There are 2 protein chains.
Amino acid sequence: MSILTAAADVLRCFSSTRHDVTVTDLVTLLGMPKSNASRLLRAMRDEGLLETVGDSKRYRPALLLAQIGQLYRFAASLIDRADAVVGRVSDEIGHTGYISVRRGTEIIGVTAHPGRHALRVVTSIGDRIPAFASSTGRALLARLPDAEVRALYPEGFVAPSETAPRDMDELLARLAETRRNGFAESHDEAVRGVRAISVGLGDPATGDEVALCISFPAATVEPSERLSIIRSLAEGAAEIAALTQDKRFFPLNLSSSETAP
Amino acid sequence: MSILTAAADVLRCFSSTRHDVTVTDLVTLLGMPKSNASRLLRAMRDEGLLETVGDSKRYRPALLLAQIGQLYRFAASLIDRADAVVGRVSDEIGHTGYISVRRGTEIIGVTAHPGRHALRVVTSIGDRIPAFASSTGRALLARLPDAEVRALYPEGFVAPSETAPRDMDELLARLAETRRNGFAESHDEAVRGVRAISVGLGDPATGDEVALCISFPAATVEPSERLSIIRSLAEGAAEIAALTQDKRFFPLNLSSSETAP
DNA sequence: ACTTGAGTTCCATTTTTTGGAACTTCTTTG
DNA sequence: CAAAGAAGTTCCAAAAAATGGAACTCAAGT
């Protein structure tokens, strides 16, 4: 097993709740011998992948990784464009917006725009949520043929909340609805009292796919505001889809959707 | 030589002008045998460090690195706090603000807040500029004793512009001025027509040091506006310095500085 | 069908990596 | 303040991975 595997494992140890690691952290988290952990951290520091915090024995990701992380947004320029749209919509209406990507059956937040309202939805970048039980997830799954969706869940899934799809048939029905409407919607799924509108989007040139999402408290948003969120999001997404010549984009179709929340 | 070295070298190949690499890119950039380049890229992809663009033979940094990059800001929470201050000041006055760190004799942009004005200074994250010839650089160098500054430049340096320090003595004089005033200033140094105000700041607990900077077109900014930029920046920085108990922070001292631009 | 450029696979040799144990700090605590 | 304990580092021979040259595959372009 290459030392690259170990190095990647170390990087995966970092999270929003673990900003730095020590030799013993690695021993317990990854079950590697102390000697390896010690040498590996030092080697990664010497290579510029990690840096020590002050002159302590704690290691954190180095600036190099921060720089490359920044680059990712532009490398995957679809993310950048989508982020601009979500940022604009979020600014306009004051609710939280974010964009996410799918990795297998999980959805990962990539960028976020916190809303301005006192009651706002807080999401954090890097969070993972199940694809089938979120509007972002379904916006992205809707881009796959049903057969591929089935293949993603060979063992089915368990609905985490009342309003999430209960089984594959229900999921596929909601994906069909998403395709028809041009947007996906969730209500009380991941978080009680929260409603979210998502639109999926892709760039055939790079194979990237992202979901644009606006998330807001269900109680305080009028039907008309919800409609205007849907319109803004869909409009912005459609512009990008035209640019990338995304053939799998589903345009907004409000007449087909129930318009009351 | 460990494969980690090679992997880190690959990561260093990425820049704002190179968002992805191929096997041949590595061969020419790093002079490694094709066979190694091919295997290394595949291994890094398998480990989740890189991802292929679409289904082409091009590799770019993977989402994992983007996530870790995000984390860096919070891991180095000094950066986060400083960024908040610069963001606020930049918002208030409409000019471009950014924060940077020093690595050896180079200054690297970490976060940026583009200004609102039509004529604004554009900087990009990850750009490297020489420390001695920029206000950010001198704001950070001023935190070192003169002897350490000398040690950083054993061979001296060559001034890149008229207004940059010409030799070590001139640099040390300007650092002394920076310490006296509590801020560093540049004019026409890196970019003609651009003036910049920077304040240095550190966190003794982690050893991190950052520079807060506001950069603006020299021609359109009145002396009074310049003063208010200096005040806002210094005030915000002083708050953070108090929090981190930064003993090397130089407080604002407007009386000692010439107040006209 | 031929050429060219790009990428991959093969293989014996060389080089790293591994993990247990001994050793060194640093920290805690009696 | 010394002893115990925890955390980290270094050492070593065995085991595993990396190397690089050459042969091979694949896809365009002519």
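Proteins come first, then strands; the chains are lettered A, B, ... in the order of their sequence lines, and each starts at number 1. Since the structure is predicted, the reported quantities are computational estimates derived from the model, not experimental observations.
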- Query: If only atom types and distance count, is the side chain of B:D246 paired as donor or acceptor with the main-chain N or O of B:R248 below 3.5 Å?
  - Reply: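 Looks like yes, one N/O pair under 3.5 Å.
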- Summarise protein proximity over nucleotides 12-17 of chain C in one line of letters, 5' to 3': B for base, S for sugar-phosphate only, - for none, counting protein heavy atoms closer than 4.0 Å. ---SSS
- Message: I need the single residue from A:L141, A:I108, A:I129 that forms a side chain to side chain contact (heavy atoms under 4.5 Å, CB included) with A:T136. Which is it?
- Response: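 Output: one option passes, namely A:I129.
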- Hey, is the side chain of B:K34 pairing donor to acceptor with the base of C:dG7 inside 3.5 Å?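 Answer is yes: a donor-acceptor pair is held.
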- Going by modelled atom types, is there a donor-acceptor pair between the base of C:dG7 and the side chain of B:S38 at under 3.5 Å?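 Counting by modelled atom types and ignoring angles, no donor-acceptor contact under 3.5 Å is found here.
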Under 4.0 Å between a Lys/Arg side-chain N and an Asp/Glu carboxylate O for [X] and [Y]?
X      : Y      : result
A:D208 : B:R60  : yes
B:E51  : A:R103 : yes
B:D83  : B:R88  : no

Rounded to whole Å, how long is the line connecting atom [atom1] of [X] with atom [atom2] of [N]?
X     : N      : atom1 : atom2 : value
B:L40 : C:dG7  : CG    : C1'   : 14 Å
A:L26 : C:dG19 : CG    : C1'   : 15 Å
B:M44 : D:dA18 : CE    : C1'   : 15 Å
A:K57 : C:dT25 : NZ    : P     : 10 Å
A:R42 : D:dT9  : CZ    : C1'   : 7 Å

- Task: Give a yes/no on whether any side-chain N or O of B:T24 is located under 4.0 angstrom from OP1 or OP2 of C:dG7.
- Result: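 The answer is yes; a side-chain N or O of B:T24 sits under 4.0 Å from OP1 or OP2.
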- When you get a sec, tell me which of C:dG7, D:dG20, D:dC11 is the closest nucleotide to the side chain of B:S35?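 My answer, after comparing the listed nucleotides, is D:dG20.
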- Task: Determine the minimum heavy-atom distance between B:T111 and B:Y98, stating which atoms define it.
- Result: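 Heavy-atom minimum between the residues: O-CB, 3.0 Å.
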- Assign each of B:P33 and A:Y59 to its nearest nucleotide of DNA chain D by heavy atoms, then name whichever residue's nucleotide is nearer the 5' end.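 The residue mapped nearer the 5' terminus is A:Y59.
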